[in-house]
Amino acid sequence: ALIALAIVILLSLVTGNRGSVTQLLIDAIRLAVGWGVILAPIWLGAIGIYLILDSLNKIPNIGLERPIGAALLYLVALALIHLIVRNVTTFKENDLAMNGGGWVGVVIAEALSGAISDLGAYVVLVALGIVGVIFLLHLSLGQIGASFNHLLARVRGQEIMPGVKINAPGRSASPPF
């Protein structure tokens, strides 16, 4: 049933052709999660597939941290969307929820913003987003840093070889002894 509901929501979102029931359903989801409605079919489909695999005793061993990381990233995105939309638009409360991160985003963002200011909320949400990426991709902070450095070096046009340190232009390497 969840997979069928996910397909109905996905088709309603993609085609824009909605009856009164599907329009009510989309509006309810938008009120709850705002722009997160785009990912709602994926969440519902994933839960439906998980339940089917659970009933067949064929659950893949992906660990608990990956779904937690995905959920954390989703919640962080909803809160960030709310903060951004709130600060750049003049929407009223319900319109802000539907055009931002929904009521879920409102609750998270306003709780953080009220406790530690908007800037503090952004910092905490970015930190939680990094934690979500670590959980989801099953990486360490060092691996993420190394990947980021590798990406920067590629953008700069520097050649990357494993285990070889790249010196800044005009600097010579000191001998290892």
Side-chain angles (χ1 to χ4, degrees), residues 1-115 118 121-139 143-144 147-148 151:
L2 285 176
I3 295 172
L5 182 61
I7 292 170
V8 168
I9 293 170
L10 180 65
L11 290 174
S12 295
L13 288 172
V14 171
T15 63
N17 188 9
R18 301 178 190 138
S20 59
V21 173
T22 53
Q23 184 63 50
L24 182 66
L25 179 64
I26 297 296
D27 287 345
I29 295 171
R30 278 189 63 209
L31 193 57
V33 294
W35 279 96
V37 70
I38 296 168
L39 295 177
I42 295 170
W43 282 107
L44 290 171
I47 293 169
I49 290 170
Y50 177 84
L51 291 174
I52 289 172
L53 292 175
D54 185 37
S55 69
L56 299 172
N57 291 325
K58 297 197 184 245
I59 298 175
N61 185 14
I62 61 171
L64 186 59
E65 66 275 359
R66 290 177 192 248
I68 289 173
L72 184 59
L73 282 173
Y74 187 66
L75 294 173
V76 164
L78 295 178
L80 282 172
I81 290 169
H82 172 74
L83 283 174
I84 291 167
V85 170
R86 184 192 71 191
N87 290 328
V88 299
T89 65
T90 57
F91 287 125
K92 299 292 183 228
E93 204 168 293
N94 268 353
D95 290 334
L96 179 60
M98 289 182 81
N99 291 297
W103 283 107
V104 173
V106 168
V107 168
I108 296 168
E110 294 300 328
L112 284 172
S113 187
D118 279 358
Y122 282 113
V123 170
V124 167
L125 289 170
V126 168
L128 286 173
I130 292 169
V131 170
V133 169
I134 289 171
F135 278 19
L136 179 65
L137 300 179
H138 201 65
L139 295 173
Q143 290 171 315
I144 291 173
S147 296
F148 185 71
L151 178 66

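Predicted, not measured: the structure shown is a model, and the values here were computed from it.
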As an exercise, state the distance from [atom1] of [X] to [atom2] of [Y], rounded to the nearest 0.5 Å.
{"X": "Ile130", "Y": "Leu125", "atom1": "CD1", "atom2": "CG", "value": "11.5 Å"}
{"X": "Leu151", "Y": "Ser147", "atom1": "CG", "atom2": "OG", "value": "8.5 Å"}
{"X": "Ile38", "Y": "Leu10", "atom1": "CD1", "atom2": "CG", "value": "11.0 Å"}
{"X": "Arg66", "Y": "Leu137", "atom1": "CZ", "atom2": "CG", "value": "7.5 Å"}

Do [X] and [Y] come close enough that some side-chain heavy atom pair is under 4.5 Å?
{"X": "Asp27", "Y": "Leu31", "value": "no"}
{"X": "Leu13", "Y": "Pro41", "value": "yes"}
{"X": "Ile52", "Y": "Ile3", "value": "yes"}
{"X": "Leu128", "Y": "Leu75", "value": "no"}

Output side-chain donor-acceptor pairs under 3.5 Å for residues 97-115, partner residues at least two apart or in another chain, one line each.
residue, atom, partner, partner atom, Å
Asn99, OD1, Arg30, NH2, 3.3
Asn99, ND2, Asp95, O, 2.9
Glu110, OE1, Arg86, NH1, 3.1
Glu110, OE2, His82, NE2, 2.9
Glu110, OE2, Arg86, NH1, 2.6
Ser113, OG, Asp118, OD1, 2.2

Problem set entry | Residues in ring pair (Phe, Tyr, Trp, His ring centres under 6.0 Å) contact with Tyr74, at least two apart in sequence or another chain |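 Trp43.
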Problem set entry | Worked verdict on Leu51 versus Ile47 for side-chain contact (heavy atoms from CB on, under 4.5 Å) | CA-CA 6 Å; Leu51 291 174; Ile47 293 169; 4.1 Å; yes
Problem set entry | Check: Thr15 side chain, Leu11 main-chain N or O, donor-acceptor pair, under 3.5 Å |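 Yes: the side chain of Thr15 pairs with the backbone of Leu11.
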For a quick test of reading the model, state the closest non-hydrogen atom pair linking [X] to [Y] and the distance between them.
{"X": "Leu44", "Y": "Ala6", "result": "CB-CB, 3.9 Å"}
{"X": "Ala40", "Y": "Ile29", "result": "CB-CG2, 3.9 Å"}
{"X": "Val37", "Y": "Val33", "result": "N-CG2, 3.6 Å"}

Exercise. More than 12 heavy atoms of other residues, nucleotides or ligands under 6.0 Å from OH of Tyr50: is that the case?
Worked result: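 Not more than 12 within 6.0 Å, no.
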For this session: Applying side-chain contact (heavy atoms from CB on, under 4.5 Å), run through Tyr122 and Leu80 and close with a yes or a no.
Result: CA-CA 7 Å; Tyr122 282 113; Leu80 282 172; 3.7 Å; yes
